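Data block below; observations after.
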Amino acid sequence: APLAPEVEIYPLDNLEEVIPWADFMLLDIPRTALGSLKELSDLPFPPGQVLVETAMPCGGLGDCGACAVQGRRGPKLVCQDGPVFPLDELAFSAG
């Protein structure tokens, strides 16, 4: 089904120009690229969610910690706490 006209899709390279006017933001980003968002962390991000793509060697059991990302209140495991997080819950740095 086609997307609603209100939905716009941009690559991550355009994120800095999109943040000021976006009403809501959905990001799909590899875990290893979260650190690249750190330079934008001072900008006022709109409400949103982020899907973190990463390998989960333990099969989602949370045993290995290989999928850990840094949350604002400590580490989060993508396999157990995600893979979708509120945008304001992540600290934008890979594990």
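If you read the sequence from its start, that first residue is 1, and numbering goes on from there. Since this is a predicted model, take the numbers as computed values, not measurements. Reckoned from all heavy atoms, side chains included, excluding hydrogens, waters and symmetry mates.
Residues passing the salt bridge (charged side-chain N to carboxylate O under 4.0 Å, His left out) test with Glu89 are Lys76, sequence neighbours excluded.
Considering only heavy atoms from C-beta on, Ile19 comes within 4.5 Å of Met25 through its side chain. Side-chain contact between Val78 and Glu53 is absent, with no heavy-atom pair separated by less than 4.5 Å. Looking at heavy atoms from C-beta onward, Leu27 lies in side-chain contact with Leu12 at the 4.5 angstrom threshold. Between Asp23 and Pro46, every side-chain heavy-atom pair lies at or beyond the 4.5 Å cut-off.
Under a hydrophobic clustering in which Ile, Leu, Val, Met, Phe, Trp and Tyr are joined whenever their side-chain heavy atoms come within less than 4.5 Å, directly or via other members, Trp21 and Leu37 fall into the same cluster. Leu34 and Tyr10 fall within the same hydrophobic cluster, defined by Ile, Leu, Val, Met, Phe, Trp and Tyr side-chain heavy atoms under 4.5 Å apart, directly or through other members. In terms of hydrophobic clustering, with Ile, Leu, Val, Met, Phe, Trp and Tyr side chains grouped at heavy-atom distances under 4.5 Å, Phe24 and Val52 are assigned to different clusters.
Between Arg72 and Asp88 the shortest heavy-atom distance is NE-O, 2.8 Å. The shortest heavy-atom contact between Cys58 and Gly62 is SG-N, 3.2 Å. Among all heavy-atom pairs drawn from Leu43 and Glu16, the shortest one is CD1-CG, 4.0 Å. When every heavy atom of Phe85 is checked against every heavy atom of Leu77, the shortest pair comes out as CZ-O, 4.1 Å. Taking every heavy atom of both residues into account, Cys67 and Cys79 meet most closely at SG-N, 3.3 Å.
In this structure, CG in Leu3 is found 11.0 Å from CD in Glu8, a value given to the nearest 0.5 Å.
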Inset, instruction - Could you walk me through whether Leu51 and Ile29 pass the side-chain contact (heavy atoms from CB on, under 4.5 Å) test, one step at a time? - result: CA-CA 6 Å; Leu51 169 64; Ile29 188 167; over 6 Å; no

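No donor-acceptor pair closer than 3.5 Å links the side chain of Gln70 to the backbone N or O of Leu90.
None of Leu26, Leu87, Val84 except one satisfies the side-chain contact (heavy atoms from CB on, under 4.5 Å) rule with Val50; the exception is Leu87.
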